[in-house]
Amino acid sequence: MFIGRLSPIKNIFSLLDAIHKTPYGIDIVGTGELEHEIKQYVNEHNIDCMLLGSFQNNQLPKIINQYHVYLLTSYHEGNPKSLIE
């Protein structure tokens with residue numbers, strides 16, 4: 001899973017490329033300026049990816065605990081809120 005703004009700094013297309021043609025999928029929590037482009041890229045490349053939208057912060061721990069792997073692919077992070085959650 002990935003949690004974050006759907007923006008260039010989050011390096012989401014590299015994440016999608018990394019899982020492309022593997023037996024794995026990715027669930028993405030968040031919204032942002034690249035949402036349409038990500039949906040289009042996922043469809044064009046037949047990537048197992050679900051865009052789940054946004055959730056309230058108090059709901060995130062329960063959602064995160066449903067996954068075995070959390071991916072943080074940002075180019076730059078100071079103290080990432082999603083990692084703390």
- Message: Within the 4.5 Å heavy-atom criterion, are Met1 and Ile28 side-chain neighbours or not?
- Response: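 No. Closest side-chain heavy atoms not under 4.5 Å.
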- With a 4.5 Å heavy-atom cut-off, do Val69 and Leu71 have their side chains touching?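 Sidechains of Leu71 and Val69: in contact.
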To the nearest 0.5 Å, what is the distance between [atom1] on [X] and [atom2] on [Y]?
{"X": "Phe13", "Y": "Thr73", "atom1": "CZ", "atom2": "OG1", "answer": "11.0 Å"}
{"X": "Lys39", "Y": "Leu34", "atom1": "NZ", "atom2": "CG", "answer": "12.5 Å"}
{"X": "Gln59", "Y": "Ile64", "atom1": "CD", "atom2": "CD1", "answer": "11.5 Å"}

- Query: Any chance the side chains of Asn11 and Ser14 put a donor and an acceptor closer than 3.5 Å?
  - Reply: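 Checked: Asn11/Ser14 side chains pair up, N/O donor to acceptor below 3.5 Å.
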- Any link between Ile19 and Leu6 through a network of hydrophobic side chains (Ile, Leu, Val, Met, Phe, Trp, Tyr) touching at under 4.5 Å? yes
- Query: Is there a path of hydrophobic side-chain contacts, each under 4.5 Å between heavy atoms of I, L, V, M, F, W or Y residues, that connects Ile3 with Leu15?
  - Reply: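 No; tracing contacts between hydrophobic side chains, which count when under 4.5 Å, never links both residues.
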- Message: Checking Ser7 now: which residues fulfil side-chain contact (heavy atoms from CB on, under 4.5 Å) with it, not counting sequence neighbours?
- Response: Arg5, Ile9, Lys10, Glu33
- Query: Restricting to pairs with a member in residues 18-30, which pass side-chain hydrogen bond (donor to acceptor under 3.5 Å, both in side chains), not counting sequence neighbours?
  - Reply: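 side-chain hydrogen bond (donor to acceptor under 3.5 Å, both in side chains) check on residues 18-30 returns Asp27-Tyr67.
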Result block: side-chain N/O donor-acceptor pairs under 3.5 angstrom for residues 45-56, not counting sequence neighbours:
from	atom 1	to	atom 2	distance (Å)
His45	ND1	Tyr41	O	3.0
Ser54	OG	Thr31	OG1	3.4

- Task: List in chain and number order the residues that pass side-chain hydrogen bond (donor to acceptor under 3.5 Å, both in side chains) with Gln40, two or more places apart in sequence or in another chain; answer none if no residue qualifies.
- Result: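 By the side-chain hydrogen bond (donor to acceptor under 3.5 Å, both in side chains) rule, Gln40 matches Glu44.
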